[in-house]
Amino acid sequence: SPLSHHIAWVGLAQALLLGAEFVLDDPPDGARPLDWIIETGATYVMGVPTHAIDLLAEQRRRGGQALGAVMVFYMAGAPIPPATAAAFLDQGITPQNIYGMTENSSHQYTHPDDDVDVITSTCGRGGPAYEVRIFRQDDPDIPAEAGAVGEIGGRGAALMLGYFADQAATEAGFNRGGWFMSGDLGRLDAAGNLHIVGRAKDLIIRGGRNIHPARIENLALTHPGVDKAAAFAVPDHRLGEKVCLAIVAAGDAAPGADGVLDHLHRSGLSKYDMPEYFIALPEFPLTASGKIQKRDLAEAVKGGTISPQAVRFESLATSPGSS
């Protein structure tokens, strides 16, 4: 991640507080990140899920059984795919699930004594320096009902004062109660653990039905032939939007659309949330911090740069009331 990203700030702060050595991802020419992790003896690695996925793929290609001396892998910037977290746990590495952004740092995180379900499916309960509350999607000034999905708001010591020299953006970033509104959707469980659903702007609305891309992506990533997955909206004149699933294959041959849809169905995805377009790509457009640029994928479809195939999950054809 770039040094301007909140992950780098958190890493530097932890190193200063604990007296640790802070190693940058700056390997010698010709060396891979995995080589650098092993050479430096890193025990605690920080990055976004894309970095973790790439490291695991490199490890599989080499037939390695461990990531050097790594004991904990901190992941922030995007929800951790459960399959990625499980891959670390299987080799004795604890994934630390983190939620935050440059505006409010890594304020939500899992703890060392959390059980596997909490680590793999939530961003934990965080600490005392930052408070999280869920607000209604249709009104950011009104708290959502307990357990309901809404926009994630927060306040506390880790929060910025505002956007530099941009009063309008600062005012737009807070609700009337002074809570910073993240633009992310989530819910809090009974134990106070934060479950991330996805970005509000990434929500796909198909014929009035709200579809959260993160669930489709997480299930797609449990397919052995899928290395990366991104679900995003494509326009439709009748339903408003339809779901397109793009993947990057884990091997040389990409799995076919029918096989992926069948896997999604067997993994528990509702037939009403099934992708209706599918494409396998050699790579995804990424931000400087390693996040998948879904907007670029959607624009590429609109502009004809990439052409996903229309697909249809077979059981839909015989389901009453399907559309």
Side-chain angles (χ1 to χ4, degrees), residues 78-79 81-83 121-123 134-140 142-153 181-189 194-223 226 228-247 257-279 284 292-302 306-323:
S121 63
T122 84
C123 289
I134 307 299
F135 292 87
R136 283 172 41 174
Q137 296 181 55
D138 59 348
D139 191 333
I142 301 176
E145 295 181 2
V149 172
E151 186 173 355
I152 302 167
M181 303 307 296
S182 65
D184 292 323
L185 299 176
R187 65 178 179 85
L188 292 170
D189 63 23
L194 179 63
H195 298 247
I196 304 297
V197 174
R199 291 287 295 171
K201 64 183 180 181
D202 288 341
L203 186 71
I204 302 169
I205 304 177
R206 178 192 181 277
R209 178 179 175 83
N210 291 347
I211 298 175
H212 298 289
R215 174 159 173 77
I216 300 172
E217 293 160 358
N218 287 339
L219 293 177
L221 287 168
T222 63
H223 189 293
V226 175
K228 298 183 179 74
F232 56 95
V234 294
D236 182 78
H237 72 279
R238 177 170 169 263
L239 296 173
E241 294 178 331
K242 287 186 175 181
V243 182
C244 179
L245 175 62
I247 68 164
D258 290 342
V260 174
L261 294 184
D262 182 63
H263 176 81
L264 292 175
H265 172 65
R266 288 185 286 105
S267 300
L269 186 67
S270 165
K271 60 186 177 183
Y272 301 111
D273 293 346
M274 280 289 174
E276 291 154 299
Y277 290 92
F278 177 86
I279 188 169
F284 285 156
I292 297 172
Q293 290 275 52
K294 292 187 185 180
R295 184 181 301 176
D296 287 357
L297 289 172
E299 289 300 320
V301 173
K302 291 179 183 178
I306 60 175
S307 300
Q309 67 178 107
V311 295
R312 186 177 179 88
F313 182 57
E314 285 190 4
S315 70
L316 280 175
T318 57
S319 298
S322 63
S323 58

Legend entry - Whether over 12 other heavy atoms sit under 6.0 Å from Glu145 CD: no

Inset, instruction - Can you sort out the partners of Arg136 under side chain to side chain contact (heavy atoms under 4.5 Å, CB included), two or more places apart, ordered by chain and number? - result: Asp138, Ile142, Ala144

Inset, instruction - Provide the closest heavy-atom pair for Pro140 versus Met181 in the form atom of the first, atom of the second, distance. - result: CB-CE, 4.0 Å

Inset, instruction - Check whether any side-chain heavy atom of Leu185 lies under 4.5 Å from a side-chain heavy atom of His212, and answer yes or no. - result: yes

Legend entry - Minimum heavy-atom distance Val197-Ala214, with the two atoms named: O-CB, 3.2 Å

Inset, instruction - Return the minimal non-hydrogen interatomic distance between Val311 and Tyr277, and the atom names on each side. - result: CG2-N, 3.7 Å

Legend entry - Nearest-0.5 Å distance, OG of residue Ser270 to CD1 of residue Ile216: 9.5 Å

Legend entry - Spatial distance of atom CG (Asp202) from atom CZ (Phe232) [nearest 0.5 Å]: 11.0 Å

Legend entry - Pro143 side chain near Phe135 side chain, heavy-atom distance below 4.5 Å: yes

Legend entry - Partner residues of Lys242 under the side chain to side chain donor-acceptor pair (under 3.5 Å) criterion, sequence neighbours left out: none

Legend entry - Atom of Arg215, atom of Gly268 and distance for their closest heavy-atom approach: NH2-O, 3.0 Å

Inset, instruction - Can you measure from OG1 (Thr222) to NE2 (His263) and round to the nearest 0.5 angstrom? - result: 2.5 Å

Legend entry - Glu151 side-chain N/O to Gly183 backbone N/O, donor-acceptor pair under 3.5 Å: yes

Legend entry - Over all atoms of both residues, closest heavy-atom pair of Glu241 and Leu203: OE1-O, 4.0 Å

Legend entry - Minimum side-chain heavy-atom gap Leu264-Pro275 below 4.5 Å: yes

Inset, instruction - Please check if atom CZ in Arg209 has more than 12 non-hydrogen atoms from other residues, nucleotides or ligands closer than 6.0 Å. - result: yes

Inset, instruction - Kindly give the heavy-atom pair with the smallest separation between Ile134 and Ala148, and that separation in Å. - result: CG2-O, 3.8 Å

Legend entry - Close side-chain approach of Leu194 to Thr122, heavy-atom, < 4.5 Å: no

Inset, instruction - Would you give the length of the straight line joining atom SG of Cys123 to atom CG of Asp184, rounded to the nearest 0.5 angstrom? - result: 9.5 Å

Legend entry - Side-chain heavy-atom pair Leu297, Ile279 within 4.5 angstrom cut-off: no

Inset, instruction - Supply the atom-to-atom distance Ile211 CD1 to Ile205 CD1, rounded to the nearest 0.5 angstrom. - result: 9.5 Å

Inset, instruction - Measure up the His265 and Phe313 rings against each other and bin them: parallel (under 30°), tilted (30 to 60°), perpendicular (over 60°). - result: tilted

Legend entry - Distance (rounded to the nearest 0.5 Å) between Glu217 CD and Ile247 CD1: 12.5 Å

